[in-house]
Protein chains: 2
Amino acid sequence: MNVPTATVSRLIVYLRVLDSLASAGKSRTSSEYLGNEAQVSPFQVRKDLAYFGRFGTRGIGYDVAELGQRIRTILGLGRSWNTCIVGLGRLGQALVDYPGFGPQKEFHLVALFDTDSAKIGKCFGGLAVRHNWELPQAVAELNIQLGMIAVPASSAQEVATALVQAGIRGILNFAPAVIEVPLHVFVEKTDVSAALERLTFYLSAAQADRRPAP
Amino acid sequence: MNVPTATVSRLIVYLRVLDSLASAGKSRTSSEYLGNEAQVSPFQVRKDLAYFGRFGTRGIGYDVAELGQRIRTILGLGRSWNTCIVGLGRLGQALVDYPGFGPQKEFHLVALFDTDSAKIGKCFGGLAVRHNWELPQAVAELNIQLGMIAVPASSAQEVATALVQAGIRGILNFAPAVIEVPLHVFVEKTDVSAALERLTFYLSAAQADRRPAP
DNA sequence: TAGATTGTTAATCGATTAACAATC
DNA sequence: TAGATTGTTAATCGATTAACAATC
């Protein structure tokens, strides 16, 4: 049974809805409510959850705290993940301040890398920048599991290869480039240019009648 | 005929490949080459292009410059787009420096908005921050077509509503929140937390045997 | 019990893959 | 002409939607 990528993305949204329900002091919810908030059908919510088991009570609905906890576990958020950033240009520096990093959070920023000698040794967010060639050693010593690529497109592949060789299996690629990795490595991408260009596609007069799939 | 969202994303990748071919001085290419670079099948490349017309020559392939130009037009990149940023926290400030903004580029940053009185009037990238309530006037006067939301999740919906009321029809949402807009408005999202969480899902031991759809 | 809402199976829809005829 | 490669139609695959039986 293969879980669709879209299902994983939606689980993340459901979890946020559950978290805000919990903050609001609610203890019970339904596939209908979750669907409304996530802008998907109740069918979709139940189908998505069904990939992973049974989480609710027929006739009653879901327990907010319990479902939240179980989705958290499914998403691998029950533990902490050591993360590094490669490339400390403007984007890399901005990522250091990403609010998802913190002692109470799942993601810990533990190392910074660059190849620019002017940057090596500089500190950002309390971490000194190391040279890329320290990657293998640092990944092993600091037990780094995730790498963020914040270098120009032209060196993204090189950095990805170095991360993989150092033993990293999860990469978040911010460079506007397709990177090639072995099958056991997972890559996610976040690309501002591409997002803007999708917008202009849909806004363009010629495509005014075309809507993105829901 | 409805164009799949995935097709639009792939066109963007093909365009990048074509641009780098052009830089390398190549004048001709094939669906096989484009597919290799974009990590999709040659079938997929031809099918994607077929949504928009005929671009190649049987037996020969595609002209790099011409196909690039035509994809650019399809994506609405033949013109320029005035853009604003709402929210000048760390993320908003980093976006000001986004290299896709520039006089030679398709995207022009023309206004900044925030509600924090400590930020109003401050300059970033040569632009003074205005109060959100200037949105309607500024959108009209500066002919702003695109808005980037860089505020916390808790105020994302409010800002989206304000952007829509000001007349903006294309929104790039960086806040980790689902926003609701009228049908004629397009929303793209870029969400670092969600990308990281998809990675941890796939990396988690329990899901180690599950691969994302290609 | 009756009403509500889940979990699951079946039907539909859409996208991807494959095959091949067209043609340079 | 023969080889190459597109454009397009057909087949397959997968995801979404719908329906409904299970059950609290």
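Labels below follow one simple rule: chain letters A, B, ... track the order of the sequence lines, proteins then strands, and each chain is numbered from 1.
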query = Are any of B:Ser31's side-chain N or O atoms less than 4.0 Å away from OP1 or OP2 of D:dT6?
reply = yes
inquiry  = Heavy-atom nearest nucleotide on DNA chain D for A:Thr57 versus B:Ser30: which residue maps closer to 5'?
reply    = B:Ser30
request  = Establish, with yes or no, whether the OP1 or OP2 oxygen of C:dG7 is under 4.0 angstrom from a side-chain nitrogen or oxygen of A:Tyr62.
outcome  = yes
key: Closest listed nucleotide, where the reference is the side chain of B:Arg10 and the choices are C:dA19, C:dT16, C:dT6   = C:dT16
Residue pair B:Gln157 / B:Thr161, side-chain donor-acceptor N/O under 3.5 Å = yes
ask   = Rounded to whole angstroms, how far apart are CZ on A:Phe52 and P on C:dT8?
value = 14 Å
key: Residues B:Asp63 and B:Arg70 bridged, charged N to O under 4.0 Å   = no
note = Picking from D:dT16, C:dT17, D:dA22, the nucleotide nearest the side-chain atoms of A:Arg58 would be D:dA22
Separation of atom CG in A:Asn2 from atom P in D:dG14, rounded to whole Å = 8 Å
query = Roughly how many Å is it from CD in B:Gln44 to C1' in D:dG7, rounded to a whole number?
reply = 15 Å
ask   = Does A:Asp19 pair with A:Arg72 as a salt bridge, N-O distance under 4.0 Å?
value = yes
key: Atom-pair distance (CG on B:Leu49; C1' on D:dG7), nearest Å   = 10 Å
query = What integer distance in Å separates A:Arg46:CZ from D:dT23:P?
reply = 15 Å
Atom-pair distance (OH on A:Tyr14; P on C:dT6), nearest Å = 12 Å
query = B:Arg28 near the nucleic acid: base, sugar-phosphate alone, or nothing, with a heavy-atom cut-off under 4.0 Å?
reply = nothing
query = Should C:dT16 form a Watson-Crick or G-U wobble pair with both distances under 3.5 Å, which nucleotide is its partner?
reply = D:dA11
task = Check the distance between D:dC20's C1' and A:Lys47's NZ and give it to me in whole angstrom.
result = 14 Å
query = If you check the A:Ile60 side chain, which of C:dT8, C:dT17, D:dC24 turns out closest?
reply = D:dC24
message = Taking the minimum atom-to-atom distance to the side chain of B:Phe43, which one of D:dT8, C:dT17, D:dT6 wins?
response = C:dT17
query = Would one find more than 12 heavy atoms of other residues, nucleotides or ligands at under 6.0 Å from atom CD of A:Glu134?
reply = yes
ask   = Do the side-chain N and O atoms of B:Tyr98 and A:Ser193 include a donor-acceptor pair separated by under 3.5 angstrom?
value = yes
query = Hey, does the side-chain of A:Arg54 have a donor or acceptor N/O within less than 3.5 Å of a partner on the base of C:dG7?
reply = no
Counterpart base for C:dA21, defined by Watson-Crick or G-U wobble contacts under 3.5 Å = D:dT6
task = Rounded to the nearest angstrom, tell me the gap between atom CZ in B:Phe55 and atom C1' in C:dC24.
result = 18 Å
